[in-house]
Amino acid sequence: MTVPTIIRYVSWEDGSNQQLEKDEKRRVASVIFLTITQLTMAFDAVAQNGLLSLFEQYFNVSDTTAATFSTVSNALSLMSMVFLFLFGDRLKRKHLLTCSIALWLLCNILSLFSTPSAFWLFLLTRTISSACWSIFVVLSPVIISDMFKDEILGKALMFNSLANYLGGAISSSITSWFKSTGLPWQAGLIPGPILVMVLLLLLVIVMPGKRHHAKLREGEYIFDTKNLLKIKSFILLTLGASFTSFYFRAHGVWMPSLVEKAWNTSGGVYLGLTHSGVSTLNILVELLGVIIGLPLLVWLAESTQYATGPSFFRKHGGYARAIPSIILILALTSIGLSAGEMSSLDKSYVVLALMTFFLAFSASPIVTLVTQMILNVVPPKQKASAIALTRLVVSLLAGWSGQLVGVLSDILRGGATDAIEDFGSLRRAFYILLASLVLAALLFFALIKTYPEDVIRSKMLIEQEDDEMDDEVHEKERKPLLRRQRSREPVRQRADTVFDRLSRRNTMDAGYSLMI
């Protein structure tokens, strides 16, 4: 088994214990700062969407013009995914990450100085910052995987995902309050850049450089892409994530409307609560499900896969197919809970709240576990490309699910204008959409067989690249000696009479003995 390079080539006499401990602290600090940055950027992104009405008033633009913001942001985000797919592993990840944060920071600060007549400056800067945010979302888990492996990687990714949820939830609640204060919109977007400015400086100082790095060579893009697409687990994970996202993106778009329509047509079911009260309770219940379910289920998956945690898992764990098996169970559970959620909308609010909680509980770890499995099966030098390609495919396949639900609802409603029929047609559209979760479950079932084999293949590639790094270290260690040898050649030519009596070979040997 290959020993890590840092242990091999740092002598114990030089204090390698202290160096290893220092490196470990740097890696932990880097994950903490990346997680806080994730939370802050998610906070700013949701605040930006929440303040859209204030933007329209300030710049005096119509809803159609304001909608351009979303269109341009989505286009630039897709372009950023293509860029990362091509160059994410061929440029230094640390530099790429810090540059994306710095550009995000610059664009957000410039947008705060937009005058009422400079809407296009605001549009340009905020859409560029959205693209930078997309780059950060891809590179953050990749850099974490360069620093940690196995169950520690899963826990680090879990905190990263949890920060994304919390940032959005905190921003939603604060933005609703902020719009009622009468303060200018700039005040709602100032906290993010201030905090990110400090975090960027800390990341530059403590974040270690990237370990695996592919060289820029002409003609390798097609070859690398073919190798990536040959990994069965990667294909299954990408398609499974796409079909899962297909349902939940539509769910996020239409669920508030479903609740409103159900509240209007069956008010007695909702225990006399106002519509705003029901919406607030649903948000809190869903957030509670995420906060409890995400860490608990990720911990369960990691403990079963890697035989860590309590004695039961250490004794019975180590199951190579644990994570794909658990994600299959979560997908199947989500199907039943989603159906229960839809059917309870006009029957019992208590049951609806329970279904909402457990659906958030079971679905929240899927993104984290899919990301971890992708990072475990792809080659080390293609991690950024793999994550970027997955997000690109998910965006292209699942981005139109909300529009599909609207089209299906219109078809099922026909020409009816009754409010009850309107609610019923929208709910039936979601029943049809559950087929995407069924397809995702089938893909995750196939993943159970292929995942262990692809993990073993990836670990073999890591060991091979470690050996290549060892050769590079040997080469770097030899270069100073060769330079010193060449620098002593003039000295040998001016040697005293003792060395003059030596043969050329003896002179060379003497020169080496002096260096030693």
Side-chain angles (χ1 to χ4, degrees), residues 151 154-155 157-166 168-169 236-237 239-256 258-259 281-305 309 313 319 321-345 348-374 394 398 401 427 430-431 433-448 451:
E151 74 277 5
K155 293 173 183 176
L157 293 176
M158 178 271 294
F159 282 112
N160 204 252
S161 298
L162 187 59
N164 198 35
Y165 283 112
L166 290 177
L236 293 172
L237 284 165
L239 294 177
S242 299
F243 286 119
T244 304
S245 181
F246 193 89
Y247 177 83
F248 283 108
R249 286 198 182 193
H251 183 276
V253 171
W254 286 101
M255 193 60 190
L258 269 170
V259 172
L281 281 176
N282 285 346
I283 293 173
L284 293 176
V285 167
E286 184 175 345
L287 181 60
L288 185 63
V290 171
I291 292 175
I292 297 175
L294 178 56
L296 181 61
L297 293 176
V298 169
W299 170 82
L300 177 64
E302 305 300 326
S303 300
T304 309
Q305 178 85 23
F313 294 105
Y319 179 49
R321 293 176 170 83
I323 294 180
S325 299
I326 288 176
I327 204 171
L328 170 62
I329 294 171
L330 294 179
L332 293 173
T333 304
S334 296
I335 295 172
L337 291 172
S338 297
E341 183 183 45
M342 291 297 139
S343 63
S344 62
L345 278 166
S348 172
Y349 179 64
V350 174
V351 175
L352 173 63
L354 289 174
M355 292 295 155
T356 301
F357 171 82
F358 285 110
L359 181 60
F361 182 94
S362 61
S364 57
I366 292 179
V367 173
T368 300
L369 296 177
V370 167
T371 303
Q372 182 182 5
M373 285 190 285
I374 290 175
V394 169
S401 62
R427 181 165 60 178
F430 268 93
Y431 283 136
L433 208 66
L434 284 175
S436 64
L437 287 182
V438 175
L439 291 174
L442 293 174
L443 291 166
F444 292 143
F445 177 74
L447 181 68
I448 294 176
Y451 179 69

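A quick note: this is a predicted structure, and the numbers were derived from the prediction, not measured.
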> Taking the side chain from Ser344 and the backbone from Gly340, do they hold a donor-acceptor pair closer than 3.5 Å?
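The answer is yes, because a donor-acceptor pair under 3.5 Å joins these two groups.
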> Near Phe357 CZ, under 6.0 Å, is it more than 12 heavy atoms from other residues, nucleotides or ligands?
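Buried by this count: over 12 neighbours within 6.0 Å.
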> I want to check something: taking the side chain as every heavy atom from C-beta on, are Leu345 and Met355 in contact at a cut-off of under 4.5 Å?
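No; the side chains remain at least 4.5 Å from each other.
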> Specify the closest pair of heavy atoms between Ala301 and Ile326, including all atoms of both residues, with the distance to one decimal.
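Closest approach of Ala301 to Ile326, heavy atoms only: CA-CD1, 3.4 Å.
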> With sequence neighbours excluded, tell me which residues meet side-chain contact (heavy atoms from CB on, under 4.5 Å) with Ala360.
Glu286, Val290
> Do Thr356 and Glu341 pass the side chain to side chain donor-acceptor pair (under 3.5 Å) test, and can you show the C-alpha distance, the side-chain angles, and the key distance before you say yes or no?
CA-CA 7 Å; Thr356 301; Glu341 183 183 45; 3.2 Å; yes
> Provide the closest heavy-atom pair for Pro365 versus Val298 in the form atom of the first, atom of the second, distance.
CB-CG2, 4.0 Å
> Starting from the C-alpha separation in whole Å, work towards a yes-or-no answer on side-chain contact (heavy atoms from CB on, under 4.5 Å) for Leu434 and Met342.
CA-CA 11 Å; Leu434 284 175; Met342 291 297 139; 5.9 Å; no
> For residues Ala440 and Phe243, report the shortest heavy-atom separation together with the two atoms involved.
CB-CB, 3.9 Å
> Is there a donor in the side chain of Ser161 and an acceptor in the side chain of Thr368, or the other way round, less than 3.5 Å apart?
yes
> His251 vs Tyr247 aromatic rings, parallel, tilted or perpendicular, using cut-offs 30° and 60°?
tilted
> To check you understand the geometry: which heavy-atom pair defines the closest contact between Ser334 and Leu359, and what is its length?
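So the minimum-distance heavy-atom pair works out to O-CD1, 3.8 Å.
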> Considering all heavy atoms of both residues, which atom of Leu337 and which atom of Ser362 are nearest to each other, and what is their separation?
CD1-OG, 3.6 Å
> Just wondering, do Leu296 and Phe361 contact through their side chains at under 4.5 Å, heavy atoms?
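When only atoms from C-beta onward are counted, Leu296 and Phe361 do touch, with a gap below 4.5 Å.
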> Write down the atom of Leu332, the atom of Ala441, and the distance for their closest heavy-atom approach.
CD2-CB, 3.8 Å
> Under 3.5 Å, is there a donor-acceptor pair linking the side chains of Ser245 and Arg249?
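Indeed, the side chains of Ser245 and Arg249 share at least one donor-acceptor pair under 3.5 Å.
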> With side-chain contact (heavy atoms from CB on, under 4.5 Å) as the criterion, how do Ile291 and Leu166 come out once you've worked through the C-alpha distance, each side chain's angles and the decisive distance to 0.1 Å?
CA-CA 8 Å; Ile291 292 175; Leu166 290 177; 3.9 Å; yes
> Would you say CZ of Phe248 has more than 12 non-hydrogen atoms from neighbouring residues, nucleotides or ligands within 6.0 angstrom?
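Counting other residues, nucleotides and ligands, CZ of Phe248 exceeds 12 neighbours.
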> Between Glu151 (side chain only) and Glu302 (backbone N and O only), is there a donor and an acceptor less than 3.5 Å apart?
no
